[in-house]
Amino acid sequence: MKLLTHNLLSSKCLKGVKVGYPLRIVAKDVKISESEYNMEFVLKMIPKLDWKVLVNAAEQIGHGNNLPIELIEDYEDDEELLKKIHHVLMEVEVINGELICPETQRIFPISAGIPNLLLNEDEVS
Amino acid sequence: MKYFQYLLWFAHEHVPFRLIEIESIASALKIPIKWLEPPSDKPWYLVELPSEEAVQKLSSRSVTMRRAIQLWADELTVPKLHATLKEKCLNGILEPYKSKSFKVDVDLFCNSQTQEEKLERIESFSYMPFQGHVNLKNPDVIFQFIEYYGLDPNTAPEYPTRAFFGRVVAESGRTLIHELSLKKRTFIGNTSMDPQLSLLMANLGKVSNGDLVLDPFVGSGSLLVAAAKFGGYVIGTDIDYLMLHGRTRPTRKQTRHIARKDESIEANMIQYSCVDKYIDVIVADSALPFWHNDVEFDCILADPPYGIREPTERIGSKESLPIVKKEGSPVHFPSKVEYGLNEIIKDLMRFSSKHLKLKGRLLFWVPVFREDYEETHMPRHSCFKLIGNCEQVLTTFTARRLLVFEKIKIPQDSDECSCTIPSSSTFREKYFTHGNENRLTRKQKKAIAAKNKEIWFAKLNDANVK
Ligand SMILES: C[S@@+](CC[C@H](N)C(=O)[O-])C[C@H]1O[C@@H](n2cnc3c(N)ncnc32)[C@H](O)[C@@H]1O
């Protein structure tokens with residue numbers, strides 16, 4: 001699971017959960033891979049992201065990459081920053097670990113890089 | 001500067017998808033098309049495009065097109081075509097290409113030719129002042145001659161009713177169909193979508209560089225591969241844990257005895273050199289809301305479960321696997337309740353009304369029993385405009401339709417959504433009863449059709465063998 005995906009997922013499908021975001025990450029294995037930088041993609045992605053959640057997630061698993069706490073305004077022209085963002089979004093991957101619901105502590109396992117968000121029959125709201 | 005027209009020359013298949021494919025690609029690439037002839041079912045479009053570069057960009061994505069030709073002559077008879085071409089040669093149309101190596105390809109649509117007849121046709125252009133060498137393998141310039149004998153091989157006239165000659169300016173994206181062939185793909189499932197239709201979906205979805213693309217019923221990920229090939233960054237979800245972990249039973253007989261390793265959607269993305277565009281796949285039930293509220297996709301592509309092929313798939317692939325929760329088992333397989341087609345579609349549309357960008361496209365297939373097909377059964381939602389409804393005939397009685405929706409407004413509480421496709425169980429019943437009754441005749445028909453198609457393509461390809 002890439003940190004980009006983490007930024008998009010919630011546990012609000014759980015019974016009784018209101019927001020379910022962001023999910024806490026427990027990373028057992030983290031893999032750093034290479035993915036070709038594509039400025040257009042990063043620029044399209046940034047407005048879709050929750051910036052703080054991204055920065056925190058990266059720090060949680062030890063790959064903070066010196067991202068600024070607040071996203072600077074003219075990020076479009078800062079190629080170095082865009083590349084850093086790209087790295088955190090697409091190149092840092094949790095292979096084995098857990099996603100944890102912030103409200104109920106329900107654990108969603110990540111194995112072989114694939115998060116499992118299936119619920120038990122009795123958890124569906 | 002001379003004024004030129006282009007002929008887009010098509011393969012004779014998936015005809016209902018042609019126009020929307022070309023229009024969608026042009027719209028995605030912001031290329032204005034001027035129609036010089038209203039688009040029809042004939043295997044060409046006659047258009048004016050802003051530049052040769054635009055033609056090349058458009059062609060390279062199309063999987064219904066064969067190639068694009070800069071039109072030098074377009075006449076109702078072959079003698080007239082030669083007359084026009086002679087005059088144009090006198091006016092110097094060949095000048096820039098005169099000393100280059102070249103070849104002439106000949107296509108006869110709805111007719112056949114022997115090798116000799118083909119050579120004869122090529123020779124008939126010998127008045128053209130070529131100075132370069134003929135090079136069949138790797139020519140600098142390719143010229144295309146086309147004779148059109150109508151659409152029905154049974155009533156083909158003696159002489160062609162239209163003839164074209166021109167310079168080939170671009171080949172189409174059809175090489176991708178072979179590149180992505182399921183036969184050589186690392187990981188496939190029982191319901192893997194064939195490459196051409198997957199590519200068509202990505203084109204109709206206007207997938208563009210850097211787009212965020214979702215397939216909520218991802219299976220073996222065929223749609224993701226196609227979307228990634230056109231620059232989409234892809235995410236998929238599927239309820240089937242074993243599928244996403246590449247642990248369903250092998251679907252290829254010949255590999256049954258070989259231990260399968262690294263079978264996954266990611267492995268396919270690596271195989272096709274587009275792993276840079278692979279974001280993730282997630283085991284999840286698309287009926288439940290697990291995306292964060294603000295998530296916005298640029299395109300949603302889906303091949304939802306119809307309950308036609310899937311149950312047959314289950315018998316083989318899941319009976320021996322742990323469906324019930326076992327103590328100590330790390331994975332829980334929740335029991336599943338029936339999820340009817342209309343419900344799936346309504347959920348998908350409601351979900352997309354929320355999570356698709358404005359003007360973004362949602363595409364999915366629905367099964368239809370051809371006799372019962374009524375447009376009013378098709379899904380509708382007040383946030384979406386239906387802009388494409390293309391039929392792919394499967395058998396005499398059955399078909400599936402690819403619906404293409406564009407999001408036209410932000411959702412509100414008052415939005416309405418309906419879908420009344422005759423229920424999948426009825427459909428399945430009919431599908432199988434009619435299927436059985438007609439199995440023999442259908443098989444025969446299929447064989448005949450396949451043979452016709454073969455002859456047909458042999459004809460078309462004849463001149464194109466490189
Ligand atoms: C027709 S197949 C898709 C095949 C895919 N296009 C491919 O190329 O392999 C439908 C898929 O939907 C999945 N599915 C069925 N119900 C689902 C649900 N409620 N949520 C998510 N996926 C589901 C099935 O496991 C199956 O893989």
Side-chain angles (χ1 to χ4, degrees), chain A residues 1-15 17-23 33-50 53 86 89-91 93-96 99 101 107-125, chain B residues 208-214 218 231-247 262-266 269-270 273-298 324-325 330-337 355 357:
Chain A
M1 183 202 67
K2 304 199 165 66
L3 290 187
L4 167 51
T5 306
H6 170 261
N7 210 273
L8 309 179
L9 292 177
S10 80
S11 58
K12 68 170 187 259
C13 52
L14 279 170
K15 207 193 282 182
V17 169
K18 290 215 174 67
V19 185
Y21 186 84
L23 299 168
S33 52
E34 247 177 66
S35 157
E36 196 188 336
Y37 169 67
N38 178 340
M39 187 176 78
E40 210 166 328
F41 168 65
V42 181
L43 287 179
K44 274 191 192 176
M45 261 332 286
I46 289 173
K48 297 181 198 271
L49 295 172
D50 186 315
V53 169
H86 178 261
L89 288 177
M90 292 296 287
E91 299 188 324
E93 226 179 314
V94 179
I95 302 298
N96 291 299
L99 290 170
C101 168
I107 292 172
F108 298 98
I110 304 170
S111 60
I114 301 176
N116 181 355
L117 296 194
L118 288 185
L119 301 184
N120 297 337
E121 301 80 313
D122 56 355
E123 293 175 308
V124 182
S125 60
Chain B
S208 312
N209 182 29
D211 276 358
L212 186 63
V213 180
L214 171 73
V218 73
Y233 281 71
V234 297
I235 297 193
T237 62
D238 202 288
I239 200 167
D240 190 342
Y241 177 95
L242 296 170
M243 169 71 90
L244 294 191
H245 284 268
R247 282 202 245 141
D262 290 337
E263 284 198 18
S264 65
I265 293 175
E266 189 174 8
M269 305 297 278
I270 293 170
S273 323
C274 49
V275 73
D276 290 328
K277 309 261 159 45
Y278 173 78
I279 301 175
D280 267 310
V281 291
I282 301 158
V283 184
D285 181 350
S286 285
L288 300 176
F290 49 86
W291 295 104
H292 180 46
N293 277 334
D294 302 335
V295 175
E296 194 179 82
F297 297 98
D298 297 303
V324 280
K325 189 171 185 172
V331 188
H332 171 62
F333 295 90
S335 64
K336 293 161 201 158
V337 287
H355 288 290
K357 74 170 177 198

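Computed from a predicted model, the values in this text were never measured in an experiment. The sequence lines fix the lettering, A, B, ..., with proteins before strands; numbering per chain opens at 1.
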(request) Please lay out, stage by stage, how B:Asp294 and A:Leu8 fare under the test side-chain contact (heavy atoms from CB on, under 4.5 Å). (result) CA-CA 8 Å; B:Asp294 302 335; A:Leu8 309 179; over 6 Å; no

(message) I want to check something: taking the side chain as every heavy atom from C-beta on, are A:Leu117 and B:Thr237 in contact at a cut-off of under 4.5 Å?
(response) no

(message) Please classify the contact of A:Glu91 with chain B as side chain, backbone, both or neither, using a heavy-atom distance under 4.5 Å.
(response) neither

(request) Using atom types as modelled and distance alone, determine if a side-chain donor or acceptor of A:Lys48 lies under 3.5 Å from a backbone N or O of B:Phe297. (result) no

(request) Please flag which part of A:Met45 lies under 4.5 Å from any non-hydrogen atom of chain B: side chain, backbone, both or neither. (result) side chain

(request) Measure the spacing between OG of A:Ser10 and CZ of B:Phe290 and express it to the nearest 0.5 Å. (result) 9.0 Å

(request) Please flag which part of A:Met1 lies under 4.5 Å from any non-hydrogen atom of chain B: side chain, backbone, both or neither. (result) both

(request) Apply the test side-chain hydrogen bond (donor to acceptor under 3.5 Å, both in side chains) to residues B:Asn209 and A:Lys44: give CA-CA distance (whole Å), side-chain angles for both, the deciding distance (0.1 Å), then the verdict. (result) CA-CA 10 Å; B:Asn209 182 29; A:Lys44 274 191 192 176; over 6 Å; no

(request) Give, as side chain, backbone, both or neither, the part of B:Leu244 having an atom under 4.5 angstrom from any heavy atom of chain A. (result) both

(message) Less than 4.5 Å to any heavy atom of chain B: does that hold for the side chain of A:Leu9, its backbone, both, or neither?
(response) both

(request) Would you mind checking which part of B:Leu212 comes under 4.5 Å of any heavy atom in chain A, side chain (CB onward), backbone (N, CA, C, O), both or neither? (result) side chain

(request) Measure across A:Phe41 and B:Gly210 and return the closest heavy-atom pair with its distance rounded to 0.1 Å. (result) CD1-O, 3.5 Å

(request) Quick one: closest heavy-atom pair of A:Lys12 and B:His292, and the distance? (result) NZ-C, 4.0 Å

(request) Using non-hydrogen atoms and a 4.5 Å limit, figure out which bit of A:Val19 sits close to chain B: side chain, backbone, both or neither. (result) neither

(message) Heavy-atom pairs under 4.5 Å with chain A - which of B:Glu266, B:Glu296, B:Lys357 has more of them than the others?
(response) B:Glu296

(request) Check B:Ile239 against A:Leu118 and note the closest heavy-atom contact, atom names and distance. (result) O-CD1, 3.7 Å

(request) Please examine the side chains of A:Ser111 and B:Tyr241, heavy atoms only from C-beta on, and report whether any two atoms are closer than 4.5 Å. (result) yes

(message) Looking only at side-chain N and O atoms, does A:Asn38 offer a donor or acceptor that is under 3.5 Å from a partner on B:Tyr233?
(response) yes

(request) Spell out, as yes or no, whether a donor-acceptor pair under 3.5 Å connects the side chain of B:Asp280 to the backbone of A:Lys2. (result) yes

(request) Sort out for me which of B:Val295, B:Ile282, B:Leu288 touches chain A most, counting heavy-atom pairs under 4.5 Å. (result) B:Ile282

(request) Indicate yes or no: at least one non-hydrogen side-chain atom of A:Ser35 is less than 4.5 angstrom from one of B:Lys277. (result) no

